[in-house]
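Below is one structure; the comments refer to it alone.
Reminder, nothing fancy here: chain letters follow the sequence lines and each chain counts from 1.
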Amino acid sequence: MIRFFNTLGRRMTEFTPIREGYAGMYTCGPTVYNYAHIGNFRAYLFEDLLRRTLEYHGIKVTQVMNLTDVDDKTIRDSRAAGIPLQTFTRKYKDAFFEDLRTLRVEPAEHYPEATSHIPEMLNMIRQLMDKGYAYQSDDGSIYFSIEKCRNYGQLVKLDFENQRIGDRVRSDEYAKDSVADFALWKAWDENDGDVKWDSPWGPGRPGWHLECSAMSRKYLGLTFDIHTGGVDNMFPHHEDEIAQSESANGCKFVNYWLHCEHLTIKGQKMSKSLGNFYTLRDLTAKGWSGAEIRYLLLGTHYRSKLNFDPDALGTARSALKKFHTLFARLNTVPAGDALLAEAKAASEAARAKFADGLADDLNIAEALATVHKFTKEVNGLLAKGAGHDAAVVLLDQYRDFDRVLAFLDVDSALEAADAPKQDVPAEILELAQKRAEAKKAKDFAAADALRAQINAAGWAVKDTPAGPELSKL
RNA sequence: GGCGUGAUGGUCGAGCGGCUAAGGCAACGGUUUGCAAAACCGGUUCUGGUGGGUUCAACUCCCACUCACGCCUCCA
């Protein structure tokens with residue numbers, strides 16, 4: 001049984017898909033006006049964990065992630081750069097997909113762009129107008145009227161009578177009947193430059209919330225299983241999506257809403273406006289790998305705040321390195337079927353616990369603890385003389401875990417272990433060679449002197465069963 | 001002001017109304033090593049923000065307080 005904490009109702013609920021064995025999932029994607037930061041990627045990694053967990057449990061997932069490629073910011077920044085909107089957003093779409101690959105995020109089935117779905121959105125506005133849920137204001141914009149929607153406020157309890165009205169609201173309020181009404185269609189004005197589409201209500205562009213309602217309907221149907229996003233999307237974005245979709249479609253929009261907590265830095269939300277963010281590229285430029293970053297960002301339960309500390313990436317590196325040396329060891333176990341049955345039993349037990357942990361609202365801590373306990377067993381089996389056949393089973397179990405985790409990298413670790421270290425300078429190799437000879441001759445004074453020389457040159461030497469190994473200090 | 005989330009050992013981070021409070025990283029001890037490093041093994045560090053309450057029994061439920069963070073129309 002898989003269960004999730006459903007924001008709708010704020011309860012832990014068993015997951016029952018509409019169609020057995022299949023799950024339709026809509027995940028709010030990026031606004032492509034800049035590089036996404038790792039707080040954004042935390043959400044996408046959570047969604048990746050979600051889809052991989054469903055798949056691990058044999059459920060076929062259809063995931064849709066939208067790309068918001070027209071809004072205030074994309075228009076503002078493309079105009080400031082003097083570049084056509086499409087060209088401008090193309091750059092950040094490409095960067096986004098590149099970053100997803102770095103983090104081993106499994107691709108969604110559909111990545112619809114807002115600008116490619118204007119007809120679908122206009123169609124939905126038409127329906128809302130016809131049913132009386134929307135109205136046109138003096139400036140030509142179309143708004144959704146909250147008052148017409150009895151169910152408004154399913155995700156968050158808000159008391160609109162008793163709100164502290166901020167400046168942002170006041171500046172936007174002029175054309176609306178009610179403060180909470182939101183734009184379905186924004187009438188063109190000169191700030192939009194050449195960005196505009198024709199509509200029955202005059203030239204303009206779609207409101208932000210509308211794209212998700214229109215595109216989810218197109219790719220997932222009127223009612224679908226799961227909708228996710230960051231907690232900051234609960235209001236107004238998701239609340240407005242529900243209002244639009246349920247009003248237009250006349251039926252329930254989404255069965256399970258899952259929201260991911262924020263990534264914080266020094267206890268504060270990471271955000272573009274506060275300027276306290278790291279992009280993925282900032283971290284990879286410092287030498288951290290996608291796997292290490294993935295390990296760190298996935299390590300905290302999605303409904304808890306994750307305080308990002310760059311130093312913690314070192315923890316990730318240490319932990320992953322231990323796995324990699326173990327994989328290499330498993331790969332060189334001599335032939336034989338010793339302890340094969342034990343290996344199979346340990347693998348099967350670990351697999352079941354791992355699956356159960358994930359099924360419990362994506363309890364990654366439980367799943368990881370299982371992997372680590374399994375590793376302890378694996379080491380025990382190796383110490384007891386497990387043969388090659390057993391090693392193959394154990395290694396396969398790590399590959400199986402990695403269908404969800406995607407940071408263990410069993411096979412690339414094995415390849416790396418086999419490949420010669422090519423980037424070591426010749427003179428360092430020569431010193432290491434001389435040291436090996438000195439050691440062979442039991443001239444330890446000379447060997448230590450050579451090691452000091454190697455260290456002075458910025459390299460460390462370790463003696464492994466397979467011979468000396470060099471690494472940068 | 002309204003709504004919501006959280007506070008666990010050096011650090012990150014779980015479960016659970018009652019076995020010795022997972023697991024990672026770090027530290028420490030041991031095995032191994034010519035010495036190291038790496039690897040493996042091991043116990044250890046806290047009595048669970050504060051104060052009450054319920055209960056035979058609470059870290060786990062309830063109340064209050066303190067602190068922190070988030071949302072209240074840009075925001076993953």
With a non-hydrogen cut-off below 4.0 angstrom, is A:E261 in contact with a base, only sugar-phosphate, or nothing?
base

Where the side chain of A:H301 is defined as all heavy atoms beyond and including C-beta, which of B:A14, B:A39, B:G70 is the nearest nucleotide?
B:A14

Under 4.0 Å between any heavy atoms, over every strand shown, what does A:L382 touch: base, sugar-phosphate, or nothing? Just pick one.
nothing

So, do A:L405 and A:I364 sit near enough that their side-chain heavy atoms are less than 4.5 Å apart?
yes

A:F46 near the nucleic acid: base, sugar-phosphate alone, or nothing, with a heavy-atom cut-off under 4.0 Å?
nothing

A:R435, nearest nucleotide to its side chain (from B:C69, B:A22, B:G34)
B:G34

Between B:G48 and B:G13, how many Å separate the two C1' atoms, rounded to a whole number?
14 Å

Classify the ring geometry between A:F182 and A:Y152 as parallel (under 30°), tilted (30 to 60°) or perpendicular (over 60°).
parallel

With respect to the phosphate group of B:A14, does any side-chain polar atom (N or O) of A:S304 fall under 4.0 Å of OP1 or OP2?
yes

Could you state the atom-to-atom distance from CZ of A:F323 to P of B:G23 in whole Å?
14 Å

Does any part of the side chain of A:R11, heavy atoms only, come nearer than 4.5 Å to the side chain of A:N6, both counted from C-beta?
no

Relative to each other, are the rings of A:F253 and A:F224 parallel, tilted or perpendicular (30° and 60° limits)?
perpendicular

Please state the C1' separation for the pair B:U31 and B:A38 - nearest whole angstrom.
14 Å

At less than 4.0 Å, is any side-chain N or O atom of A:K269 found next to OP1 or OP2 of B:C71? Yes or no.
yes

A:N276 CG to B:C69 P: how many Å, rounded?
12 Å

Assign each of A:N363 and A:H372 to its nearest nucleotide of RNA chain B by heavy atoms, then name whichever residue's nucleotide is nearer the 5' end.
A:N363

NA contact type, A:Y295, heavy-atom cut-off 4.0 Å: base, sugar-phosphate, or nothing?
sugar-phosphate

Which is true for A:D72 with a 4.0 Å heavy-atom rule: it touches a base, it touches only sugar-phosphate, or it touches nothing?
nothing

Testing A:E109, A:R51, A:H110 for side chain to side chain donor-acceptor pair (under 3.5 Å) with A:Q63, which one passes?
A:R51

When the C1' atoms of B:G24 and B:A14 are compared, how many Å lie between them, rounded to an integer?
11 Å

Taking the six-membered ring for Trp, are A:Y398 and A:F327 closer than 6.0 Å centroid to centroid?
yes

According to a strict under-4.0 Å criterion, is A:K376 in side-chain N/O contact with OP1 or OP2 of B:G42?
yes

With the side chain defined as heavy atoms from C-beta on, A:E366 is closest, among B:A14, B:C35, B:C74, to B:A14

Tell me which nucleotide among B:C25, B:G24, B:A39 gets nearest to the side chain of A:R329.
B:A39

Residue mapping more 5' on RNA chain B - nearest nucleotide basis, A:R451 or A:H209:
A:R451

Taking only the side-chain heavy atoms of A:S318 (C-beta and beyond), determine which of B:G70, B:A26, B:G4 contains the nearest atom.
B:A26

Nearest to side-chain heavy atoms of A:K305, which nucleotide of B:G4, B:A22, B:C71:
B:G4

May I ask you to say what A:F444 touches in the nucleic acid, namely base, sugar-phosphate or nothing, with a heavy-atom cut-off under 4.0 Å?
base

Answer with base, sugar-phosphate or nothing: what part of the nucleic acid does A:V461 contact at a heavy-atom distance below 4.0 Å?
base

Nearest-Å distance for atom pair CZ/P, residues A:R317 and B:A26
13 Å

Watson-Crick/G-U partner (both atom distances under 3.5 Å) of B:A39
B:U31

With rounding to the closest Å, how many angstrom separate the C1' atoms on B:U44 and B:U32?
23 Å

A:T300 near the nucleic acid: base, sugar-phosphate alone, or nothing, with a heavy-atom cut-off under 4.0 Å?
sugar-phosphate

B:C41 to B:C71 separation - C1' atoms, rounded to the nearest Å
49 Å

Spacing between A:L306 atom CG and B:G6 atom P, to the nearest angstrom
16 Å

Using side-chain heavy atoms (C-beta onward) and a distance below 4.5 Å, is A:F235 in contact with A:L155?
no

On a whole-Å scale, what distance lies between the P atoms belonging to B:A58 and B:G53?
12 Å

Could you check whether A:G39 gets within reach of a base, just the sugar-phosphate, or nothing at all, counting any heavy atom under 4.0 Å?
base

Just checking A:M270: base, sugar-phosphate only, or nothing, at a heavy-atom cut-off of under 4.0 Å?
base

Measure the distance from CG on A:L358 to C1' on B:G23 and round it to the nearest whole Å.
15 Å

Is the shortest side-chain heavy-atom distance between A:T68 and A:T74 below 4.5 Å?
no

With a 4.0 Å cut-off on heavy atoms, is A:K373 in touch with a base, just the backbone sugar-phosphate, or nothing at all?
sugar-phosphate

Interatomic distance at P, B:G23 relative to B:G15, whole Å
15 Å

Rounded to whole angstrom, note down the C1' distance from B:G9 over to B:A21.
10 Å

Looking only at side-chain atoms of A:K322, point me to the closest of B:A14, B:C40, B:C35.
B:C40

